[in-house]
Each structure stands twice: as structure tokens, then as C-alpha cells.
Amino acid sequence: MSAGPGQQQALLRQVLGWRVAAAVAWSVLLLPLCTAAFVVLSGIDPFHPLRWVSNSFNDLYTSYIIFCILLMSVVILVISIFNVEFYAVVPSIPCSRLALIGKIIHPQQVIHSVVHAVMGVLVAWCAAVMTKGKFQFLAVPCTSSESLDDAVPQVCLNEYHLFFLLSGAFMGYSYSLLYLVNNMNYLPFPIIQQYKYLRFRRSLPLLVKHSCVESLYLVRNFCIAYYFFGYIPRAWISTTMDLHIDSKLHPLDTLTGLLDLSLLYHAWLCGVFLLITWYITWLLFKIYATETHHFPVQPTFAEETDQCLPKILNSNPPLIIKFLALQDLMLLSQYSPVRRQEVFSLSQPGGHPHNWTAISKECLNLLSDLTQRLIAQQEAAAAANGRAKQPAGELKISPQTPGAIVTEDMSFQLQRSNVIPRAPMPSLVKSSLLPLKASPGSDVGTPFSSPILNCKAGILDLNSPWHGSVQSPHIMRRGPKLWTLNSDLQMNGSHQESFPMFSVVRAGSEAVQPSFIYTWLQNKQEQIKNFLSKRALIMYFFSKHPEASIQAVFSDAQMHIWALEGLSHLVAASFTEDQFGVVQTTLPAILNTLLTLQEVVDRHFKLPHVSSKPPRISGSLVDTSYKTLRFALRASLKTALYRIITVFGEHLNAVQVSTEHKKRLQQFLEYKE
Amino acid sequence: MCSLGLFPPPPPPGDITLYEFNNALVCGHLYETLPLAFQSQLADLPVLGLPKETLKAHSRLEHGTKPAFIHHRESLWKRCINAWRDVGVCGVLNEVANAEEEALQWVKTGSRYALAVCHWVSSLHGSLFPHLSVSFWGAGCTIRAFAWHPHTSKFAVALLDDSIRVYNTNSATIPTLKHRLQRNVAAMAWKPLCASILAVACQSCVLVWHLDPTSLSTRPSSGCAQVLSYPGHSPVTSLAWAPSGELLLSASPVDTAMLVWDVSTENCVQLPWFGGGGVTYLAWSPDGSKVLAATPSAVFRVWEAQMWTCERWPTIKGRCQTGCWSPDGSRLLFTVLGESVIYSLSFSEYRGEMQGQVGGSKTASIVADLSETTFETLYGEERIGGEVHSMAWDPSGERLAVIIRGNPDVPESPTVIAVFRTRNSPVFELLPCGFLRGEQGAQPQLIAFHPCFKKGALLTVCWSTGKISHIPFFFVSAQLPCFSPGRSPVAAMASASVREQPLFSEL
């Protein structure tokens, strides 16, 4: 079923290739405009406006400006390559500060930063050359200062130029850092479809404003850095290039040197120029990459089979292709009756609804995967704090599975939740989940990319040592969550010690009543934990931000939102358009999946630490929509259910679903959810 | 063309219109009840009287808690700072000009002149930008806005004191919604495909109330309200939900950009347009494909709701006052301020393939002439006709209700509701049905059709006396009786219609 990796690469190239090319072409075409604006603004002379205008227009045709534009085009090309290499449709959200630091010193990111710093130097050099005046050259002739009479012409270091180059490097590095921290490699898909030009025009004022403000901050930060460390590069450059230092001028790492208004203005303008050109490249790539792509539902030619929608959805293509396919599914289900007809059609010889089966199966798979992931997360959260409140003696039967300490996967949890009568899962979810579990253990992380999984696995297997030891409530106190981390992050030796201790504890507690040793061990363990949690630094790095881990769970929810919308629109349209009744066969399964997911999502929003309202999004250039995806998912899930229910109405009573789901459906029918 | 002359004469004074049956409007006295067969249909609809006196009217007009404290004279300097914070430069000038201190005579004179210049400039501003001086008609009446829930028998009423009451036929609890930011409510809209989410257009923001339909609380906390605000986007006066329930449009007559909100994430996208001022009226077509946006200048726009491109429609005389869509989204009826006619604009059948095209016909045609007509009745002469204030088309596309504002200078030309029988396919037809009369002295303010009335159509009228009455029209729909908004069977059926027919039937 799945196409080979070579084919998928070809598909990716085919879909994304021309988009990247067009984005680069446009950003290169926009470069002369930016350059012209920069030249005009850098030569600003409010007292002689006419001379200023004529000078700057004369400058525009000079050879060095054209050379600068060519050089900058190369820079843009490199920036674009990095954009293409680093983009992600699923943002990677660091769950703790240590993870963030890990991301920053990751070799890939280091390369990113270094290259951006170099590109920053190049842009700053171009800016210095175009600005002319005192910034133009690194080496300037000067007279030695010993005596005015025998003035020996010398070559001195132009510190202004050096300042420019260093500020360019600083800005390039800061850009790279902010790119990482703000998840700017994340491609957010727009909430409404618009033409590319309109999207670009809409974002342009925001982009300019953002660049101006950010450049201001960067210049400030750079000035501070230069004030303290500026002498190092200056001395280094002047010795390696054998340049003298003009003692008549103020050195720039002093207050008087730095408070040069012209210097600050030009440095700021250079920063604005750099940021605007780079952000335009980034913005154009974002706009082009998230544009809709039209996948055919049915292949017209045999060789197109791999590019048609059902095939792509069912194979495991690069994530961006999958996202585009799901987006296309959502759009066709909503707007295109002709293409919907193709989805509902039967195959020519044989008369099987292959298209519908493939599409609905993939959507349902996605949704049930999300259900399982949420259940796992809720289990983990419940293990972390919920059960701690229960008195220890209450638990009569505890699950005694020997392997529980080492391998705690979801299938085990599920079995467990069936064993314990008052497990936190409602019976509704339990019952409907069992058929979903086809292959226990293996599908914990099948279709999803790494970042969520890492986080999720972090939640999961680090809670694992405690799953068996339900009897000791104190262990599971919420407070310091040192162990809810990946094992590779456990640098402290005492952690490793605690694991065997646990198993001992468990073994002991299973057999007999809590003994003296047990309580002693427990006390010791408490002490260790207190000791560690008092070390503020460790806590600072290791503590998990609850909001971040929730965001990580929902980081790819855009797929599920589209699956929900596509599926519900198709089902609603099938009421009048489905001639062969192909949708009816899957309607119970769809309702079942949606209602189960609804149940689980409702429970998720009742967890502690889960805010029920989205945080305020400031209208800034940096998109943070991934932070609110879970709210969008909740809303579109409910809308999807209502969409199906409004169209089918009372007919739904004839659909076979479990009694609990029937009750739920009845509530939906009465508009009481 | 249909004109008022073809209408049956208005009912005698003293009678009120009760219902429509057998193609005729039945009048009677207030205390007369409906025939038994129909009573069950309306038994649970509340007929409300919300007189003005019971409301704490204008309570919010006082700024803050000032009246609760003893008046204390602060120094001029402090007062100026306060005025600056509250009102701005004009406030400071006003404060200085009216200061009682004697010492600063020349400052007072100067500020008085400056204030005069300010007033003059602002009046000029109003004439340059007509959209800044849009006023609301009927601002003094008790009921500010009214909205039926699109799926159930539930409606919300916004009152003069900026509170909102939600009436549900199935429950006795009447939640009252109040919020600090809920001032000058201009419009409300229930989210489609949802149990109980109500968007409210307020002075400074859009409030989205998440009401729990099973809750028994009569006073939901302001924590249930989501605040959607955007700099420069106030006052918000019109709202429209996408029939698919995903997006919310909000518009302000001052802001040139409409905002498309993804309410769950509070993300918004601006749809800017240069020139022509803001947006005074929004109507999303029931099939979700197009949006009418009327501006304060003599132009309105029809947006296509997939790629969000628009067609611009200049009108000759005035701004577009109101408009309504046929259920399948293929026809738009609109009226223009200063003209007493109804225009019709037909659109080509919507298909997803023609991305980014609105597909309107070249010109709008006049389908009804509502100019003043004199009716000779037994009780004397009655003159009816004039500009249209608002229109409502029932969800099955069979009845059209129109509020006609009489000539304000002539006392015997009242504001009336005229009802038309309409048909949209295969050809568009507009036939007279009759005039609705309310109680003596009551003028209709707002009209809305019940979205899912099974036996025909149900018109809800909010009168200037604060009364809300429901007038049923009993008929058998020519189309499928079960109507569901969004992708409806009606829309699917109508696709077979022929577009090149005459636009209205000649009588």
C-alpha cells in the first residue's frame, strides 16, 4: 500500500518544488525594492531634501549597489534553503527548559545559527557599502599621531565598519535564535483561503512594524554587548590585519563613542533591512507552502494513481503532503459537489466504494489515534495526581503484573483500567476502545513524528515506576516531578538509584502489609526528593511546564480538525448526494469514533492545569496558533457532530450504536450538549 | 412588478393580525385565541411584554461610580488630567474653558477658541467620512436586538439596559446575561451547529457567551463570555456566523476592515477594503457561499466566502439599508435608503469549481414598488408606503416580511409590516399577502422568522412598546417541509432551476 520512499520524495518535490522556486523568485525580485528603500533612507538629509533625493537616485545605478544586490540574492537563496530544510507542519514544543537548551545546542541548530551569523555579516557589509560615508571601508588611511609635522600616511582600522559587521553577525545569530524559540519554522495554515497576493499584502505592514521594533531591541542589545566585549574583536582584527587604531577618534566601546546618533540610526536601519528581507523570504515561503493543492480524487491516467487523494491519505507520505491532502479533503467536502460525487462513486468493475472506504478509514484512524493518545495522557495525569487523594487502604485489588515496572505501555494500561472497577476511564470509552486496539504495544507511536512522541513518552514511561505502587499515596504527590522526564535527561545519579528502590518497595508491599522497611524506604525516598526539589537550579531546568506538555499533545491537531471537518461535511452531504448509500455502511463507526473522542476531549478539559479558555493572541508576526489548536479541535469536534446530527435528525435513531452513545446522541438531538 | 396597490386593505384599527390561514391574514381582537388546531403549535412560545419602565434604563450611561460619591472639587490640574484620560484633548479644553478659577482668563478664552475649532473640524470630519456619522434608528425603544437560535425554539433579546435575556420554550429558566463590556448592544447571533453559543456585538468588542443549555443558573458569570477585540474595530454593529458554524464575521461602520474570527482560538483575519467606509450591515447567505456587506456610502459589496474576493455594487441613490438572501443563496433582495423599492440581484449557481468568483448578474432589477399608496377603508383613508427599514425572508423561502417606514412628517402614514408570498424556483415570484397590524400605537422595530417552524412560517415581531409577539403563517410548503440550514435539500433541489427566466411574475 505504501509507496516507496523514492516515490514519496518525487511527490514531495513535485508538490513543493515549484512553490519553493516561486517563493525564492519573488523574494529575490522584491530585493531591489528593499535595497532602493534602504539607499534612500540611509542617505536621509532633512535639510537638503532635493539633494538627498537626487543623490540617492543617482546612487541606485552604481555598480557596487548592483553587486550588493547580487550578493544579497545569494544570501536570500541560502536563507530560503534553510527555511525549506527546517520547516515543520507540526511544531516541536520543548516541554522543559532543559529540552529547550538541548534544542539550542543541537548540531543542526548550531549550523543554522552560524550560517545565519555569516549571512548577517554579508548583509551588514552590503549595508555598510551602500551607506557610504564613514562606514564604507574597513581600512581607512590616517595619519599617525606622534607628531603632526612628519605625518606618515598609515592604514587604520575603521571601527564603524567593524561595528556594522559585528552587528550584522549579532543580528543574524539573534534571528536564528528567535526563529528557534518562537517556532518560526512552524507552518500555520490560514483559517480562510485567500489569494497569495492578498495574504502577502495583509501581512506586510505587520512585517515592517515587527522588523522595526525588533531591530531596535537588537541594536540595544548589541550596543550593550559591544560596550563590554567590543575591545576583543577590535584588537583581534587590528593585529591580524595589521591595522592601526586611530587614536584621534573615540573608541566605540565607550559611552561617548556609542552615543553617536548617526551610528545608531544606521545600525538600526541595517537591522531593519536585514530583518525585512529575511522575513519577506520566510513569509513568502510560508504563504506558498500552505497554499492549497488540488489532489485528484480519481486518477485520470494510470500513472497518476499515486497522486490521488485516497492513495496519499492511506500511504505514509511526508507530513506536509499529508497536511495538504487533508486540507484538500476539507475543501472538497465543503465546496465542491462534483468532487464529492467522485468520493461517493463506485469503482468501475466490481462496484466497490474504494474512494470512500480509503478516505473514511484514514480519517477514523487519525481520530482514534488521537483518542488513544489523549487517554494515555489522562491516565498519566491521573497517576500523577488523581489517585494520590485516594486513601491507600481502599484499593483492594491491585494489578499484579510482573513486567509492569519495566514495560508499561498503553495496552497494559488499558487492561488495567478494565481490571480496576473504579478506574478513571468511563466504561463508555473503555468498551469502545478495545476494538480499536488492534496491535498492542506497537502502535503507540506509529504515524506521528518524533516531537510529540518524545513528550508523550516522557509522560508515559516516566510515570511507569509508580504504576504498580498505587498503595503508597505519598510517592505520587504532584509537587516535584523530577522523574517525569526522559531518562536521558537524568543526569543526577540519585535518580537511577531510586528506580531499584521502587521495585523493592513494590515487591515488598505486594506480599505483606507495609512493613518497617517499607516505611523507612519511603521516608528516605521522601528525603531524597525534598533534597532535590530544594535545589532550585535543578528544578528550574527539569520542571515540566504543564501548558507546554498539553500543547505538545495537541501539536498536530490541525490534521484531526481537517479530518473532522472533511468527514462531517461528507457525511452531511451524503444525505442528499450519496446515490449508492456507501456512507451508510460506515456511519455507525463514524458516530462511534466521534462520540468517543468527544467524551475523551471533554475529560481532557476537566483535568487540572488545563485552562478552558485560549490565551490572548497578540496580533504579531510570529504565529502562535499551535498553542490554541486544542480549543479549535474541541469546537470543530462539536460542530462536526452537530453537522451530522442536524442533517440526519431523527433518522439517527435507526443507526446502531451502543446505548450510552444513543443517550449522548439524544442529547445532541435536543441541542443540550 | 408588485406594488402596494395590489395589497388587500389594511385591517381595521383596533384589530391585530393573529395568523395567516388559507392564504389570508386573519385579524381579531387581542383576547381572541387561535383555533384549537393551531394552539398546540404555539403553546410554548412566550409572548413577552418588556415595558421600558421596568428596566433600569440608561444605568450604564453614567460613567463609573461617580454619582455614588459626594461631589468633591479637585484642582484644575487634576481635573485636566482626568479629562485627558477619559476624553482626550477635547476634554481638557472643555475642562479649562469651563473652569471657575478666575486667574486664568486668557487660557480660558484660548481654550474656548480651540474648542470651537475642534468642533468645526470634527463636523467637517463627519461630512468627509459619512461612515462616522451613522446613527441607529429606534435607539430609544426597549428592545435593541433579537435573535432566534437556528435550530431550536430559543431566542435572545437584548434590552435597552444592555442586558440580554435568553428565552427557551423548553425551560422555565431565563438566563440574564450581563458583562462589564456589554455596552450598546447592536446585534446578536447564535452560532449555528452548536447548542448554545451567542455572539454579541458591543461597543468595544464582540462578546461570545458560552451558555450551558442544561444549567439552571439565571445569571451566568462573566467568565462564560469570551472577549474578542481588535484595535480600531469598534463599535461593532453587525455580526454574521458562517452557516457551517466555523467562522464569525464582525464589522463596524468605523473600521474599513471586516474581521473573520476563528472564535475557538480567537484568531482573526482582516478583510480590508479601501474606500467606502466601514460596514453597516452583514448578511451571510444560508448556503454559506456569499456575504452581503453594506457600507455607509452608496456602494455595497458581495463577498464570495471561499476565497474571499468581492464584487462591488454601486447604488444610485443612497446606501444599502438592508438585504436578505434566498435559502439557496442564489438571489439577494436589498433596499436602498431614500428609495421605496425592493431590488433583486440574482447570482449564478454556486459551484466550488469557480473559485474566487462571485458570479452576480450585471444589473439589479426592481421587483417591488413600495411607494406611498392610499387605501380607502370603511374607517377612513390610510396612506401606507415609504422606505424599507428591514426585511426578513423565511427559511423555506415562501414569505417575505418587510418593515416599511412611513413618512415621518405625515401622522397618518404609520410604520407597517407588509408580507409577501414568494417563490424562488423555477421562477422568482413576489405576490402580495397583506399588512400586519399590532396593538394601537405600537410600531414594529425588529422582525425575524423562526428558523424551524414546521407548519409554515412564524414571524416574530418586536414592537416599540416592548412587546414581542409571534405571528404564524400556516401553509404547506411547496418544497421539502423539513428544512435544515447549511447544506439543505432545498439548495440541492434548486440547482435544477433555470436562471434565464423573467425575474418576477407580472401580475
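Chain identifiers are assigned alphabetically (A, B, ...) following the order of the sequence lines, protein sequences preceding nucleic acid strands; residue numbering begins at 1 within each chain.
A:T639 and B:K191 make their closest contact through OG1-NZ, 3.9 Å (heavy atoms, listed as atom of the first residue, atom of the second, distance). Across all their heavy atoms, B:S264 and A:A632 have their closest contact at OG-CA, 3.3 Å. B:T152 and A:E670 make their closest contact through CG2-O, 4.5 Å (heavy atoms, listed as atom of the first residue, atom of the second, distance). The shortest non-hydrogen separation linking B:T309 to A:Y195 is CG2-CE1, 3.3 Å. Among all heavy-atom pairs drawn from A:I192 and B:V260, the shortest one is CG2-CG1, 3.8 Å.
Residue B:L247 touches chain A through its side chain alone, counting heavy-atom pairs closer than 4.5 Å. For B:S196, no part sits under 4.5 Å from any heavy atom of chain A, backbone or side chain. Heavy-atom distances place both the backbone and the side chain of A:R643 under 4.5 Å from chain B. Only the side chain of A:R201 comes within less than 4.5 Å of a heavy atom in chain B; its backbone stays farther off. Proximity to chain B (any heavy atom under 4.5 Å) is restricted, for A:E565, to the side chain, taken from C-beta onward. Using a 4.5 Å cut-off between heavy atoms, B:V227 touches chain A through its backbone atoms (N, CA, C, O) alone. For B:S171, no part sits under 4.5 Å from any heavy atom of chain A, backbone or side chain.
Note on ring orientation: taking the six-membered ring where Trp is involved, the planes of A:Y671 and B:H151 are parallel (angle under 30°, cut-offs 30° and 60°).
Note that the CD1 atom of A:I645 and the CG atom of B:L193 stand 10.0 Å from one another [nearest 0.5 Å].
At a threshold of 4.5 Å between non-hydrogen side-chain atoms, the residues A:Q194 and B:Q306 do not count as touching.
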